[in-house]
Amino acid sequence: MEDKIIIKDLEVHNIIGVDSWERVKKQPIIINLTIYANISQAGNTDHLQYSINYGTVTKVVTKFSEESSFKSIEALADAIAKLCITEFDTTRVNIRLEKPKALLHAKCAGVEITRTKDDYSESPKITGENEYSDKIFVRDLKLNSIIGINPWEREEKQSVIVNLTIYPRHKAESDKDHVIKPHNYRTIVRTISKHVEESKYKTIEAFATSVARIVIMECKVNKITIRVEKPSALMFAASAGIEITRSQSCFKNNIPLGKDVPEGYDHVVYITLGSNLGDRIGNICEALKLLELECKILDTSYMYETSPMYVTDQPDFFNAACKVATNLDPEELLVKLKNIESTIGRTPTIRYGPRSIDLDIIFYDDIEYKSSNLTIPHVSMSEREFVLKPLCDIAKSFEHPKLFRTCGQLLSHYLKSPSYSPNNFIHKILPININNIIWKWSTKTFIMGVINVTPDSFSDDGLYKNVNSALSHAQKLVDEGADILDIGGCSTRPNAEDVPIEEEISRVLPIIQAIRCSSNTSLANIPISIDTFHSEVAEKAIQSGANIINDISGGQLDKKVLSVAAKCNVPIILQHMRGTPKTMSRLTEYGDDLISDISNELFERVNAAINAGIKRWNIIIDPGIGFAKKLDHNLEIIKRLNELNGKRSLLEGFPCLIGVSNKRFIGEVINQPIPKNRCWGTAAACAAAVLAGVNILRVHDVKEMLDVTKVADSIWRVTKK
């Protein structure tokens, strides 16, 4: 028989973590203490000597709590439990600690644990994972969201009360006083709050499930119970709601992009790369190549051109970040990076001065490390946009182990801080391997001019089959303002037959070579993309002077094309398509959310490209207008294009190309059967695509569409020179 001695709502003051305004200062902690003991002897005799004096317990616990110093509330709870068991000779205690001033929009956050005497013996009982009753909780988190099906519920945000109970994988221990990400209620609340405030769910079930998914997938929580209540749901009830419990097994198929760590490696490291001397992109690529000799590159960020910081009188930088798997310890990795810098030609200069290559370890697993040579996490990372921006491409939800903010939160905080200067620029860029051409994605919509050297093109009808006519047309497109030429030797119109590889090569190589040998400098130096899904064609075209691969199948019809792009270090356009040009018109059935289906399928192709070694900055996506799409599908894609690569999407941040020029869906809308007469309809679709944030327009009529994009860019695009 177990009786209980209970102390309820004991308030103590302690500096533990930070308060709701993230200040390090004393704050109230509410302690609820249950001591399990047999009180029958005291009850039968009414003698004090057999009683546990709750006054003494209160004094001891209060003194200990206010004089001790812990980083985490879990460690404090475990220490109080150990104190009670050792000081008051009890076999079991339950400790519940609450921090009412921990979060701005919640009643409290806290922890509840149960401990026995066995837990603190020299030979503690060994228990399996998840056998502990520890709980971390957030109570009455008040958020506002669009939720419900009634008309006003779709218009007005309403209050939603969320209660979270997190079940740690292992028990808290006072001698392991640090907060790991799955236990950090502050990070969890920040993460779900942003999602909830932006969400528009119709059902509370979907709302709760999405919250569980985000907490488990982004914050790495093992198991969670979520209770959601709508106080305004019913007139004569306090609230209506649901409660669900979910674990990692419920979302095992939701694998984030680029997260797979290969077998044979023990550590994951995030490294930043910068260069502002010599061949900047070449230096960064060479550093990655040398790094791969002893490590495994798992992912890379987009590439950025940034203004110099600290010492401003020097050339602009190229900056990127990479995620690496390694077996080297931090000091060994530092030596490796220094050797790479030396090999590439970095020489001593002034602090923060010019350098051919700069490699910094930002995170090493989730450890804090300090020696005379190295500090991890990097000391100055939170004040450097050129570090945070690339990190957010590949580690947005990774939490700084000391600051307890994710990379995304650190970037958001920096952009709102007094130290941020809008005069410092940072451009996401695409380096193209010809004449040092750099495309700055934020500055304009780029125009891709089409040259079909096929006898059966749907739009050009075989006009440019020979080299002279194709070369003349190429010069015309360049003169009209094309930023790149797209050359294709195999028609991909609906029901088109594939052509032999040798024939496709014989069609495209002569025109590529003729352009590169042109006496006209503007034509000879124009970037060229090769429109093919055959790896052999792509490789020979690159060897002849092409700079980009444009694969309508996204690497599905010939997977070797991904290896070619990685080996040649060229950009690749991954288009969404199902089947082949001959079969795609029969594969047009999608689920309830077209953009979600396209995103999921493109996501798989992007992930395959990254796993093949293609750098993220070299990937461009294309939703595939007209490829396995019906009329309504094409219109919906243009209307919702910004959802494809917008915030919190699977493909967030990837530059997007779209090809609407003269296509059948435009003819259906304007009742125009002749492709070359669809220019005005194409102009409308191009303008709509610019509004939706497209980066490249693939068009036949360059002069006309350039005028459209200039006006559309001036209206809708925030240009940064």
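- Under the side-chain hydrogen bond (donor to acceptor under 3.5 Å, both in side chains) criterion, R190 pairs with E22, Q409, not counting sequence neighbours.
- Under 3.5 Å, the side chains of Y270 and D365 contain no donor-acceptor pair of N or O atoms.
- The stretch residues 186-231 participates, sequence neighbours left out, in these ring-ring contact (aromatic ring centres under 6.0 Å, His included) pairs: H195-Y201.
- When the side-chain contact (heavy atoms from CB on, under 4.5 Å) test is applied to T116, the partners found at least two apart in sequence or on another chain are R92, D118, D119.
- Under 3.5 Å, the side chains of S232 and Q158 contain a donor-acceptor pair of N or O atoms.
- For residues 100-110, no residue pair satisfies the side chain to side chain donor-acceptor pair (under 3.5 Å) rule, not counting sequence neighbours.
- Applying the salt bridge (charged side-chain N to carboxylate O under 4.0 Å, His left out) rule to pairs touching residues 381-393 yields E385-K389, sequence neighbours excluded.
- Taking a 6.0 Å sphere around CZ of R227, one finds it holds 12 or fewer heavy atoms contributed by other residues, nucleotides or ligands.
- Legend: residues meeting ring pair (Phe, Tyr, Trp, His ring centres under 6.0 Å) with F137, ordered by chain and number and at least two apart, are absent.
- Residues E243 and T225 have side chains that never bring a donor and an acceptor to within less than 3.5 angstrom of each other.
- Residues S65 and N14 have side chains that never bring a donor and an acceptor to within less than 3.5 angstrom of each other.
- Evaluation of the side-chain contact (heavy atoms from CB on, under 4.5 Å) rule for K59 yields no partner, not counting sequence neighbours.
- Judged as a ring pair (Phe, Tyr, Trp, His ring centres under 6.0 Å), and not counting sequence neighbours, Y369 has no contacts.
- For K4 and Y36, the positive end is not near the middle of the six-membered ring at less than 6.0 Å and at most 45° from its axis.
- In this structure, the side-chain contact (heavy atoms from CB on, under 4.5 Å) partners of S159, at least two apart in sequence or on a different chain, are N144.
- Counting non-hydrogen atoms of neighbouring residues, nucleotides and ligands closer than 6.0 angstrom, the NE2 atom of H413 reaches no more than 12 such neighbours.
- Using a cutoff of 4.0 Å between basic side-chain nitrogens and carboxylate oxygens, E197 and K157 are scored as salt-bridged.
- Judged by distance alone, the side chains of K416 and S412 do bring a donor and an acceptor atom under 3.5 Å apart.
- For H400, the ring pair (Phe, Tyr, Trp, His ring centres under 6.0 Å) criterion is met by F363, not counting sequence neighbours.
- Taking A109 as the reference, A102, L103, V138, Y185 meet the side-chain contact (heavy atoms from CB on, under 4.5 Å) condition, with sequence neighbours excluded.
- Every ring pair (Phe, Tyr, Trp, His ring centres under 6.0 Å) that Y302 has, sequence neighbours left out, goes to F654.
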